[in-house]
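Reading through the C-alpha cells given below for one structure.
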2 protein chains.
Amino acid sequence: MRDPRTSRPTLETVARLAGVSRATVSRVVNGSTAVTPRVQEAVDRAVEQLGYVPNPAARSLVSRRTDSIALVVPEPATRMFSDDAFFPGILRGIGQELEAADKQLVLLLASTPASHERITRYLRGRTVDGVILASLHGADPFPTELMAMGMPVVTSGRPLGRGAALAPYIDVDHAGGVRAAVEHLLARGRTRVATIAGPQDMIAGIERLAGYRDAIAAAGMRSIVEIGDFTRESGMAAMRRLLDDEPGIDAVFVASDLMADGALRVLRQAGRAVPGDVAVIGFDDAATSRYSEPPLTTVRQPIHEIGRTLAQQVLRLAAGDEVDDALILPTELIVRESA
Amino acid sequence: MRDPRTSRPTLETVARLAGVSRATVSRVVNGSTAVTPRVQEAVDRAVEQLGYVPNPAARSLVSRRTDSIALVVPEPATRMFSDDAFFPGILRGIGQELEAADKQLVLLLASTPASHERITRYLRGRTVDGVILASLHGADPFPTELMAMGMPVVTSGRPLGRGAALAPYIDVDHAGGVRAAVEHLLARGRTRVATIAGPQDMIAGIERLAGYRDAIAAAGMRSIVEIGDFTRESGMAAMRRLLDDEPGIDAVFVASDLMADGALRVLRQAGRAVPGDVAVIGFDDAATSRYSEPPLTTVRQPIHEIGRTLAQQVLRLAAGDEVDDALILPTELIVRESA
DNA sequence: TTGAAAGCGCTAACAC
DNA sequence: GTGTTAGCGCTTTCAA
C-alpha cells in the first residue's frame with residue numbers, strides 16, 4: 001500500500017507501466033531525440049498517468065547539475081534596499097531569465113560575518129550551478145573565493161578587489177550618465193555645480209563621483225564634493241554642509257534619488273528655489289523621483305536589463321561557455337522639473 | 001590525479017584518512033552522540049584537513065530532506081512591490097530564521113499563469129521541505145493544491161478560498177489597527193471620516209476596509225468609501241473622487257501609505273490644509289510616510305516579525321509538528337502631524 | 001560503539 | 001533505437 005504523499009512514482013514505475021526500460025524513460029523525460037515516436041508516446045502517457053516528476057536529488061547526484069543559481073545579497077545593502085525599486089527590479093529580471101532556462105533561484109542573504117562563512121560553506125557543497133553576487137562593498141573577498149573553488153560567478157558592479165582574479169561583471173554606465181547630467185546643468189548656464197556623492201567603498205559611489213569630476217574638469221571648473229551614503233538622511237546632511245560651506249552653488253548633482261529627495265527638502269527649508277536658485281539632478285529614477293517637489297531630473301539605469309543580463313551571464317558560464325569580462329549597460333538622462 | 005575543482009572529497013575519503021568507516025564519519029558529521037571522543041576528534045581533523053563538505057544531493061536522496069524552504073511570490077504583487085519596505089522586510093525576517101535553522105531559501109517568482117504551473121511542478125519534485133506563500137490574490141488555488149500534495153504550507157495573510165482546506169496563516173491585526181486610527185480621528189472631533197480602501201481581492205484590502213466600517217458603525221456614523229489598488233496613483237484618483245462627491249469630509253483613513261501620499265498631494269493641490277481641514281491617516285509605516293508633507297500618521301505592522309513567524313511556522317510544519325491555524329500579530333498607531 | 005551492506009532514484013556508458 | 005549495468009555520495013538498518 002503506497003501512500004501517495006510519501007512514495008512517489010519513480011523511473012522504474014513509469015518504465016514498467018510503459019513496458020520499456022528505465023533508460024528509455026530517462027531519455028524521453030530528458031527530451032532525447034533518439035527514441036521512436038511510438039515508444040515516446042507510450043512513455044509520455046505513463047508519465048502523465050502516474051503524475052511522475054523526476055527526483056531532483058537523484059538527478060543531481062549523478063548529473064552534477066543542480067539547475068539552480070544562487071543570488072548572494074549582503075544584507076546591509078544600502079543600495080539594494082534603499083532604492084525602492086532596485087532590488088525587486090533586479091530580482092524580476094533574474095527571475096525572468098532563470099524561468100526561461102528552467103532554473104531555480106536560491107537567495108542567500110548575508111547579514112553577519114558568520115553568514116558569510118555559512119554561505120561559503122553552502123556554496124562549497126555545490127548546491128548551485130552558479131552564483132550572482134549583488135551589491136558588493138569594498139574589496140569583498142567573495143568573488144575571489146568562489147572563483148578559486150571553480151564556481152561560475154558574475155557580479156553586479158565591478159568588483160573592487162585589487163590584484164585578485166576579478167569575476168566578470170555587469171554594470172551600467174555610471175560615469176556616462178553623470179556626465180550627461182552635469183553637461184545638462186552646464187548647458188543651462190549653471191556655473192557652480194556641486195555633487196553629493198555616494199559611499200566610496202561601493203562601485204556605484206565611486207564611479208558616479210568620477211563621472212562628476214571628469215565632467216567638471218572638462219569644463220575647467222572646480223569640483224565641490226560632499227559624501228553621503230545613499231540614504232535620504234545623508235542627503236539632507238550633505239546638502240546642509242554644502243549650503244554652509246559653498247552658499248554660492250547654483251546646481252548639485254546628487255548620486256542617488258533618495259539623497260536628492262533629502263537635498264530637495266533642505267533646499268526648500270533654506271528658501272532656495274529649485275530649479276530657480278539651485279538646479280538638482282539625481283540618479284536611479286526611483287519611484288520617489290517622480291513625486292518629489294519638484295519632480296526630479298535623474299539618470300535612469302535599465303534595472304530589469306541588469307537582472308536579465310546577470311542571469312544570462314551566469315547561465316552561460318555554468319554551461320561552460322566563455323563570457324565577456326564586463327558588460328556595461330547604457331544610462332539615460334530623464335529630464336523633469338528640477339533641472 | 002584528482003582535479004580539486006571537480007572531484008571533492010567524499011565520506012569515503014574522510015573515512016580512509018581517519019581510519020574509520022563511512023558510517024562513523026556520517027555519524028560525526030551529523031552530530032550523533034554515540035561516538036567515542038577519540039574517534040570523533042580524528043574524524044573532525046580529517047574533515048578539516050580535506051575541507052570536506054557533504055554532498056547535499058546524496059544526502060537528500062536518502063534522507064528525503066532538502067533543508068530548503070520555498071517562498072512563492074506572485075509577481076504582480078502590488079503590495080509586496082509597491083510598499084518600499086514590505087518585501088525586503090519580510091525577506092529579512094524569513095532569512096534570519098532560516099539561517100538560524102540552517103535552511104536555504106528558494107525564491108519562486110510567479111509572473112504568468114505558465115509560471116504558476118511551472119512552480120507547482122517544481123514543488124511536486126519535493127525539492128523543498130516547505131512553502132511560504134506571500135501576497136495571495138483572490139481565491140488563489142495554490143495553498144489548497146500544495147496541501148493536497150502533502151506539502152507543508154504557510155501563507156502570509158488569511159487565504160481567501162471558500163470551503164477549501166485552508167493553510168495556516170500569519171497576519172497582522174489589520175482591523176484593530178484601523179479601528180485605532182478611526183477612533184483617533186473621532187476622538188479629535190472629526191465627524192465626516194471617509195476611507196480610501198485597498199483592492200477587495202486581497203485580504204489586506206478587505207480587512208482594513210472592514211475595520212473602518214466597524215469603527216464607523218460603532219460611532220453611529222456613515223461610511224464613505226472609495227477603492228484604490230495600493231498605488232500612489234490610485235490614491236490620488238480616489239482622493240479626487242472623494243473631494244468631488246463628499247466635499248464635506250474632514251478626515252480620511254487611507255489603507256496604505258503610498259495611497260495616502262497620493263491623497264496628500266491631491267489635498268494640497270485642492271487647497272485643503274492637512275490636518276487643519278482634513279486629517280489623514282495611512283497604513284504600513286512605509287519610509288515615505290515619515291517624509292510626506294506633512295508627515296503621515298499611520299499604522300505600523302511588525303514586518304520583520306511577520307517574516308520571522310512565517311519561517312518559524314513552516315519549519316515547525318516541516319518538522320512534523322502541529323501549528324496554530326492562525327497567528328495574528330499586533331499593529332500600532334504611529335501618530336505624526338497629519339492627524 | 002563501530003562496521004558492513006543495502007539501497008535512495010537517476011544518468012550515462014556500453015552493448016546489442 | 002533500446003536495454004543492461006554500474007555507479008553518484010550518502011544514511012540507515014542490522015550485526016558484531
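On a predicted model such as this, the values are computed, not experimentally measured, just so you know.
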Ion pair check, E117(B) and R121(B), cut-off under 4.0 Å: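 Salt bridge between E117(B) and R121(B), a charged N being under 4.0 Å from a carboxylate O: no.
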Salt-bridge contact E305(A)-R308(A) (side-chain N to carboxylate O under 4.0 Å):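 Salt bridge flag = yes for R308(A) with E305(A).
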Terminal helix-axis angle for the helix from dT1(C)-dA16(D) to dC16(C)-dG1(D), with five pairs defining each axis and rounding to 10 degrees: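 Its terminal axes enclose an angle near 30°.
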Side-chain donor/acceptor of [X] to backbone N/O of [Y], under 3.5 Å:
X: R158(B); Y: L166(B); value: no
X: R92(A); Y: S111(B); value: no
X: S26(B); Y: R22(B); value: no
X: D129(A); Y: D67(A); value: yes
X: T36(A); Y: R38(A); value: no
X: S156(A); Y: I132(A); value: no

Heavy-atom protein contacts under 4.0 Å, nucleotides 9-16 of chain C, coded B base, S sugar-phosphate only, - none: BBBBB---
Worked verdict on L146(B) versus L133(B) for side-chain contact (heavy atoms from CB on, under 4.5 Å): CA-CA 10 Å; L146(B) 295 180; L133(B) 254 25; 4.0 Å; yes
DNA chain C-proximal residues of residues 35-47 of chain B, any heavy atom under 4.0 Å: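 Hits under 4.0 Å, by residue number: V35(B), T36(B), V39(B).
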S115(A): partners by side chain to side chain donor-acceptor pair (under 3.5 Å), with sequence neighbours left out: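 Side chain to side chain donor-acceptor pair (under 3.5 Å) check on S115(A) returns T112(A).
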Would you mind writing out the side-chain donor-acceptor pairs for residues 313-326 of chain B within the sub-3.5 Å range, not counting sequence neighbours?
{"from": "Q313(B)", "atom 1": "OE1", "to": "R316(B)", "atom 2": "NH1", "distance (Å)": "3.0"}

Full working for side-chain contact (heavy atoms from CB on, under 4.5 Å) between R59(A) and V29(A): CA-CA 12 Å; R59(A) 174 178 279 175; V29(A) 169; 3.7 Å; yes
Opening and closing nucleotides of DNA chain D in contact with chain B, under 4.0 Å to non-hydrogen atoms: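 Boundary nucleotides touching chain B, in 5' to 3' order, are dG9(D) to dT13(D).
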